[in-house]
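These notes are about the structure you will find just below.
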Amino acid sequence: MTTASYPSADGVWDHLRLMPDAQADAGQLAADAADAEAAIVVAQGRIRWIGERSALPAEFAALPRFDGNGALVTPGLVDCHTHLVYGGQRANEFAMRLAGASYEEVAKAGGGIVSSVRATREASEDYLFVSAAQRLECLLAEGVCAIEIKSGYGLALEHERKQLRVARRLGEAYGVTVRTTFLGAHALPPEYAGRSQDYTDLVCQQMLPALAAEGLVDAVDVFCERIAFSLAETEQVFRAAQALGLPLKLHAEQLSDMGGAALAARYGALSCDHIEHLSQAGIDAMRAAGSVAVLLPGAYYTLRDTHLPPIAALRAAGVPMAVSTDHNPGTSPALSLLLMANMACTLFRLTVPEALAGITRHAARALGLQDTHGTLGVGRPANFVLWNVQDAAELAYWFGQRPVRSIVRQGRIAASP
Ligand code: DI6
Ligand code: FE
């Protein structure tokens, strides 16, 4: 299945109800979604017009019609934090943990992140493509139209390259917007045990410049944590990324408050992710920098974490909150963004509108894609989803259901009954 096999979505998408807050420019549709039926005109793969159907300009009257039958329409979903490309899986660790093994015991038994590094290094590029494609298809079937994919299971130039190449190939094959993030500073590879500084130098001086020169890097991320990279090492990577003009993201304050978010904000990071242990100083710095807070309830759930991210303080500060799967084989084997929206509500107490903005508008911002994705607006690539639901709240309410009616991705009909 490639993008060429999807039919064009050009025409009038009629009898739609717009999700509240779906539009880039709130002024375009006067009446609220619940009251007025809307239409969206797609031309040459872009949104040409959007508004109340009764106001559809005559010039579009003769275009092909797609009857939405009153379906709710949302912007295409955006999954803004994933580690989708890796070898193997780690279900055995799940079983070990259920039997009482600690994280250290799992690691001693050859598990943990290094087991995924081993499997990724052993895997061919084609194997990685096929296995990640299966996972990507789950996310796409639920209406994901843009996705971030990180490296970080290669931890050596050729293997990080392999992961990022697969991420690019997935975007081309499926006609989905893929943002690649270089996460060479994810863990210390076994051959660098005890030589963290040497590995950080390698990341900054060799891996990152080489991969950036190959056009494989859209952003740079670091796992800043006691068990991963220090604040000083994180800053070193940030400097290297900044010198190359690349935007930054950070795995920050997941297990402890390292002050990573404030550092990332100082460097103008697009987002700080996880942030269970984020301090008020970190929140203030993020607000000042305009960084997005990316919430990852799948990892919180899998790790049976009990330390909630500071949602009320983030809300009070007006920091935009995104919600993502954090799909990875160790701490979040999640392949449903709608389930993450549900968990963000039940576990983190987001409101439904916050959760829905978290998987659309704010997720796009976390990737620097706010001008093209996450909202509906004239001139944007046509990325939207028609849902068989009465109420937008149902998108966060059901779990295990996939109430998709049609998906328009990059101006093509990627799924329809
Ligand atoms: N934070 C996480 O929770 C994952 N990576 C990260 O930076 C864990 C990845 C793994 O266990 O494979
Ligand atoms: Fe992650």
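Computation of the quantities below employed the complete heavy-atom set of this structure, encompassing side-chain atoms and omitting hydrogens, waters and symmetry-equivalent molecules.
For the pair Arg97 and Phe94, the cation does not sit on the ring face, since its NZ or CZ is not both under 6.0 Å from the ring centre and inside 45° of the axis.
With rounding to the nearest 0.5 angstrom, the CG atom of Asp273 is 10.0 Å from the CD atom of Gln254. In this structure, SG on Cys345 lies 7.5 Å from CG on Leu356, to the nearest 0.5 angstrom. To the nearest 0.5 angstrom, Thr372 atom OG1 is 8.0 Å from Asn383 atom CG. Note that OH of Tyr86 is 15.0 Å distant from OG of Ser151, once rounded to the nearest 0.5 Å. We find the CD1-CG distance between Ile147 and Leu170 to be 8.5 Å, quoted to the nearest 0.5 Å. For the atom pair CZ (Phe182) and NE2 (His186), the distance works out to 12.0 Å, reported to the nearest 0.5 Å.
Glu148 and Thr82 share no side-chain donor-acceptor pair at under 3.5 Å. Ser116 and Arg90 are linked by a side-chain donor-acceptor pair at a separation below 3.5 angstrom, with hydrogens and angles left out of the test. A donor atom on one side chain and an acceptor atom on the other are not found under 3.5 Å apart for Gln23 and Thr375. If you check the side chains of Glu122 and Tyr127, you find no donor sitting under 3.5 Å from an acceptor. No side-chain donor from either of Gln163 and Thr120 sits under 3.5 Å from a side-chain acceptor of the other. Side-chain atoms of Thr180 and Asp218 include a donor-acceptor pair closer than 3.5 Å. When only modelled atom types and interatomic distance are considered, Asp201 and Gln236 share a side-chain donor-acceptor pair under 3.5 Å.
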Handout entry: Trace of the side-chain hydrogen bond (donor to acceptor under 3.5 Å, both in side chains) decision for Ser336 with Glu142
Key = CA-CA 7 Å; Ser336 166; Glu142 217 178 48; 2.8 Å; yes

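By the 4.5 Å heavy-atom criterion applied to side chains, Leu157 and Gln206 are not counted as neighbours. Side-chain contact between Asp21 and Pro353 is absent, with no heavy atoms from C-beta onward closer than 4.5 Å.
Around atom CZ of Arg165, no more than 12 heavy atoms belonging to other residues, nucleotides or ligands sit under 6.0 Å away. Summarising the local packing, CD of Gln390 is surrounded by 12 or fewer heavy atoms from other residues, nucleotides or ligands at distances under 6.0 Å. Environment of CZ in Arg349: sparse, with no more than 12 heavy atoms of neighbouring residues, nucleotides or ligands closer than 6.0 Å.
Aromatic ring pairs are classed by plane angle as parallel below 30°, tilted from 30° to 60° and perpendicular above 60°; the pair Phe384 and Trp13 is perpendicular.
Each of Leu208, Val220, Leu211 was compared with Leu244 under the side chain to side chain contact (heavy atoms under 4.5 Å, CB included) criterion, and only Leu208 meets it.
Taking the six-membered ring for Trp and the full ring otherwise, His81 and His327 have centroids separated by 6.0 Å or more.
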